[in-house]
Peer 1: 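Supplied in structure tokens, the structure appears directly below.
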There are 2 protein chains.
Amino acid sequence: MVVDTKTPESADLIFHALSDATRRDILLRCLEGEYSVSTLASYYPMSFAAVQKHVAVLEKAHLVTKRRRGREQMVRGDVVVAIEQTLAVLEQFETMWRSRLDRMGQILRETTTQGGVP
Amino acid sequence: MVVDTKTPESADLIFHALSDATRRDILLRCLEGEYSVSTLASYYPMSFAAVQKHVAVLEKAHLVTKRRRGREQMVRGDVVVAIEQTLAVLEQFETMWRSRLDRMGQILRETTTQGGVP
DNA sequence: CGTATCTACAACCATATGGTTGTATGTTAT
DNA sequence: ATAACATACAACCATATGGTTGTAGATACG
């Protein structure tokens, strides 16, 4: 069975957004409180435009939202939906992982019971 | 305060590895059981070499390991450490998120004790 | 009004990514 | 030994990424 490929999966966007340390840091800050883009930019050793782009990536993944406040654009974390999806994916992995552990345990139990395969 | 930047964070590697649907699918399969690279390749509409590269990305993130079995290279999921790190990062986000919710709840409680907008 | 600030966006650059094909190396089976 | 299979790896290509600078549009302030 072939994998999806047609949809630009939202999981793709979320994981990609989280794959950069600067973006993770921005997200953490914006979960803590609201920050204007220029304020955020002041925290990192890169240009305003670069930070702007990072915010855009987070926005596309629906991890943050922006709202105008006067001449500034306030960024805030909006994780409730997104992180849930991410956790759902990870849980999928965990389920697989656990089921394999279970099977290994099963095999171990069988082999240690020696000869007596139920 | 400036973000890390010096370390090629393992979180970077993990999130990046998970940001591609094909790789997530490969990981799921390899958590379920062992597959040779060529067997894996047969599942996806792309060349053997492409799948090989995807496996390499997963390997670099320590999400899978390979072991030789005859002329094949068997790939298996090795998530125990990696996913824990990923979950740790997400928990960080969740903590921030919750603490903000708490503060919002606090504010709501304060304001509703007053005028009382239902 | 004019000016300073914050933002948006385009153009550009170097490097990384995701894909291809081709070739070389190992391992099994005949 | 030879053929067949599984893998590794290099070279190449198009596009995406992460960064830069520069310019133009809004909005606040004196």
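Letters A, B, ... mirror the listed sequences (proteins, then strands); counts begin at 1.
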Peer 1: Compare all side-chain heavy atoms of A:R68 with those of A:Q73 and state whether any distance is below 4.5 angstrom.
Peer 2: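 A:R68 reaches A:Q73 side chain to side chain.
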Peer 1: Side chain of B:S38: nearest nucleotide among D:dA8, C:dA8, D:dA6?
Peer 2: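 For the B:S38 side chain, the nearest candidate turns out to be D:dA6.
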Peer 1: Side chain of A:A49 only, please: which of C:dA8, D:dT21, D:dC9 is the nearest?
Peer 2: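 Nearest nucleotide to the side chain: D:dT21.
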Peer 1: For the pair made of CD in A:Q52 and P in D:dT21, what is the distance, rounded to whole Å?
Peer 2: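 Rounded to the whole Å, the gap is 14 Å.
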Peer 1: Check the distance between D:dA8's P and B:E72's CD and give it to me in whole angstrom.
Peer 2: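 These atoms are roughly 12 Å apart.
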Peer 1: Return the value, rounded to whole Å, for the distance between atom CZ of A:F48 and atom C1' of C:dA10.
Peer 2: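 My rounded result for the distance is 15 Å.
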Peer 1: Is any side-chain heavy atom of B:L63 closer than 4.5 Å to one of B:L18?
Peer 2: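 A side-chain contact exists here, since the closest heavy-atom pair is under 4.5 Å.
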Peer 1: Could you pull out the closest heavy-atom pair between A:L40 and A:C30, with the gap in Å?
Peer 2: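 So the two residues come closest at CD1-SG, 3.9 Å.
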Peer 1: Do the side chains of A:M74 and A:L27 join up, straight or via other hydrophobic residues, at under 4.5 Å, putting them in one cluster?
Peer 2: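 Result: no, two separate clusters.
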Peer 1: Would one find a side-chain N or O of A:K66 under 4.0 angstrom from OP1 or OP2 of C:dA8?
Peer 2: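 A:K66 to C:dA8 OP1/OP2: side-chain N or O found under 4.0 Å.
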Peer 1: Give me the distances for all protein-to-nucleotides 12-19 of chain C N/O pairs that come in under 3.5 Å?
Peer 2:
residue: C:dG18; atom: OP1; partner: B:R23; partner atom: NH2; Å: 3.2
residue: C:dG18; atom: OP2; partner: B:R23; partner atom: NH1; Å: 3.1
residue: C:dG19; atom: OP2; partner: B:H54; partner atom: NE2; Å: 2.2
residue: C:dG19; atom: N7; partner: B:K53; partner atom: NZ; Å: 3.0
residue: C:dG19; atom: O6; partner: B:K53; partner atom: NZ; Å: 2.2

Peer 1: For the side-chain contact (heavy atoms from CB on, under 4.5 Å) test, which of B:R29, B:E59, B:R76, B:R23 pairs with B:V64?
Peer 2: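 Passing option: B:E59.
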Peer 1: Enter the distance from A:R69:CZ to A:E34:CD here, rounded to the nearest 0.5 Å.
Peer 2: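 Reported value, rounded in 0.5 Å steps: 7.0 Å.
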Peer 1: Checking side-chain polar atoms at under 3.5 Å, does B:D25 have a donor or acceptor matched by the opposite partner on B:Y43?
Peer 2: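 Looking only at side-chain atoms, B:Y43 and B:D25 do not form any donor-acceptor pair under 3.5 Å.
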Peer 1: Check nucleotides 26-30 of chain D for protein N or O atoms closer than 3.5 Å to its own N or O atoms and list the pairs.
Peer 2:
none

Peer 1: Do B:F15 and A:R24 have side chains that approach each other closer than 4.5 Å (heavy atoms only, starting at C-beta)?
Peer 2: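 Yes, their side chains come closer than 4.5 Å.
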Peer 1: What is the minimum heavy-atom distance between A:A61 and A:L13, and which atoms define it?
Peer 2: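 In terms of heavy atoms, the two residues are closest at CB-O, 3.6 Å.
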Peer 1: In whole angstrom, what separates B:L40's CG from D:dA8's C1'?
Peer 2: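 Atom-to-atom, B:L40 to D:dA8, this comes out as 16 Å.
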Peer 1: OP1 or OP2 of C:dA8 sitting under 4.0 Å from any side-chain N/O of A:Q73?
Peer 2: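 Answer yes for this pair, as a side-chain N or O of A:Q73 is under 4.0 Å from OP1 or OP2.
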